[in-house]
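Written out below as structure tokens is the structure these notes cover.
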Amino acid sequence: MKRRKFLQNASLSTLGIVAASGVAACKSDKDSPKKDSKVLVNAAKPLVIATWRVPNATAKAWEVLQNGGSSLDAVEQGCMVEEADVKNSSVGKGGLPDRDGNVTLDACIMDKNGDYGAVMCVQNITHVISLARKVMEDTPHVIMVGEGAEQFAYSQGFKKENLLTDSSKKAWEKWKKTSKYKPIINIENHDTIGMLAIDENGDISGACTTSGLAYKMAGRVGDSPVIGSGLFIDNEIGGCTATGMGEEVLKTVGAFLVVELMRHGKSPQAACEEAINRIVKKAGDRYKDFQVGLIAVNKQGETGAYCIHEWFNYNVYANGENKNYKSDFYNKA
Ligand code: SD4
């Protein structure tokens, strides 16, 4: 799904924030939710899967795997590609700021041992995914936030960088004018990268990195850096990562839910569908105001992807091919 549409379908209702452009036209509901058994990629290993159209990121992760690297190195280096890309306005440098004009980043990483590291609301550091890995590997903690995380980054040799590019500054200034400081959904704010990889040894890792929702309230953190919500890995079972309205993913612990459903025998596709159905059910009427997309992989290298309202893009690098797919979607309208 084009991210423009995806965002038009989202609203910050949980924050009292109203979407200015309304809800995009929905497709018919005839066949959703889909049946249990659909598997979009057949049992491939090694494999990389990531949210949105991120061929350069999946190519980098694949290169790491081809050189015998671990799935952990693959997801970190894959995500770094998007963090460095100033054209991606939802991740790293060039990410859109909060309503006060500050770019604050969230990221987390999880490895085959079930170890996890996260940073939240960090300014001035581009590669927060690497910082999350440092938290995981080099501190006794699992989560660091704000100023403390930033200081830890400098102590580890990370560079201080201005993450607000000219174009994101312009977009923010324009937003302030047209919205009269009433936050609206920014239509370019959906390229958060969540990435899952399986390496030659069959070990699974995952990573997720984002600037969060554009023009969010200062201090707001979404699902992306939160274990079990934006990302969850269980090396015995599989992994899942999310994109979209973080508040809704958090309330259903979306990624953990998908992995647990796979543990109980669901395919990755069926598990993503059930989790999305759960989110829709819990949201009731609010369902029409937001969007969430999930991708998952199991230990066998089967993948799944599902979304609310309309399809979203995701990238898979498997069997030597780097392809972009459209997810299936739930739409009861
Ligand atoms: C968040 N889930 O901060 C993220 C937003 C997102 O693409 O996915 N943007 O809620």
Side-chain angles (χ1 to χ4, degrees), residues 14 49-51 71-72 75-76 79 105-122 128-129 131-133 135-137 139 141-145 149 192-198 203-210 212-213 220-283 290-299 303-308 314:
T14 47
I49 179 169
T51 52
S71 55
L72 185 63
V75 293
E76 179 189 4
C79 284
L105 304 182
D106 303 328
C108 79
I109 196 158
M110 211 168 161
D111 71 7
K112 63 175 182 178
N113 303 316
D115 284 327
Y116 157 80
V119 292
M120 303 177 186
C121 223
V122 176
V128 281
I129 198 64
L131 187 57
R133 183 168 176 178
V135 171
M136 177 173 84
E137 292 180 338
T139 78
H141 308 305
V142 293
I143 300 174
M144 292 183 75
V145 305
T192 290
I193 181 165
M195 181 180 275
L196 311 167
I198 310 183
D203 289 324
I204 307 171
S205 301
C208 190
T209 179
T210 187
L213 297 177
R220 179 266 187 193
V221 172
D223 61 317
S224 302
V226 178
I227 187 170
S229 289
L231 176 73
F232 195 72
I233 303 293
D234 183 326
N235 197 34
E236 286 175 23
I237 306 297
C240 174
T241 185
T243 185
M245 186 56 66
E247 282 72 9
E248 303 301 328
V249 181
L250 281 161
K251 287 190 278 187
T252 46
V253 198
F256 183 72
L257 176 59
V258 169
V259 173
E260 285 309 291
L261 288 166
M262 292 195 290
R263 186 190 309 281
H264 292 286
K266 296 265 184 210
S267 68
Q269 183 62 32
C272 288
E273 292 181 11
E274 186 163 333
I276 289 286
N277 293 343
R278 179 97 52 103
I279 291 172
V280 168
K281 194 168 161 215
K282 294 269 174 209
F290 65 83
Q291 199 147 35
V292 167
L294 299 170
I295 58 171
V297 65
N298 66 11
K299 191 72 178 166
T303 63
Y306 205 56
C307 181
I308 302 176
Y314 62 101

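Sequential numbering from 1 along the given sequence is applied to the chain's residues. Here the structure is a predicted model, which means the values were calculated and not measured.
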Check: Among Ile129, Ile109, Thr210, whose side-chain contact (heavy atoms from CB on, under 4.5 Å) with Cys79 holds?
Finding: Ile129

Next item on the list: Check side-chain hydrogen bond (donor to acceptor under 3.5 Å, both in side chains) between Asp106 and all other residues, then give those that pass, not counting sequence neighbours.
Entry: none

Check: What residues, two or more places apart in sequence or in another chain, satisfy side chain to side chain contact (heavy atoms under 4.5 Å, CB included) together with Ala242?
Finding: Asp223, Val249, Leu294

Check: Is there a donor-acceptor contact under 3.5 Å from the side chain of Thr192 to the main chain of Thr243?
Finding: no

Next item on the list: Going by the side-chain contact (heavy atoms from CB on, under 4.5 Å) test, name the single residue among Ile49, Val297, Leu196 that passes it with Thr241.
Entry: Leu196

Item checked: Any pair counted as side-chain hydrogen bond (donor to acceptor under 3.5 Å, both in side chains), so long as it reaches residues 112-122, sequence neighbours left out -> none

Next item on the list: May I ask you to decide if Ala305's main-chain N or O and Gln269's side chain share a donor-acceptor pair within less than 3.5 Å?
Entry: yes

Item checked: side chain to side chain contact (heavy atoms under 4.5 Å, CB included) against Ala296, all qualifying residues, sequence neighbours excluded -> Cys240, Val258, Met262, Pro268, Cys272

Notebook entry, point to check: With Val253, which residues qualify under side chain to side chain contact (heavy atoms under 4.5 Å, CB included), at least two apart?
Noted result: Ser229, Phe256

Check: Taking atom NZ of Lys266 and atom CD of Glu274, what is their separation to the nearest 0.5 Å?
Finding: 4.5 Å

Item checked: Any residue meeting side chain to side chain contact (heavy atoms under 4.5 Å, CB included) with Leu257, in chain and number order, not counting sequence neighbours -> Leu261, Ala275, Arg278

Notebook entry, point to check: With sequence neighbours excluded, what pairs up with Asn235 under the side-chain hydrogen bond (donor to acceptor under 3.5 Å, both in side chains) test?
Noted result: Asp203, Lys299

Note to self: Run the salt bridge (charged side-chain N to carboxylate O under 4.0 Å, His left out) test against Arg263 and tell me which residues pass, sequence neighbours left out.
What the structure shows: Asp234, Glu260

Checklist line | Partner set under side-chain hydrogen bond (donor to acceptor under 3.5 Å, both in side chains) for Thr209, not counting sequence neighbours | finding: Glu83

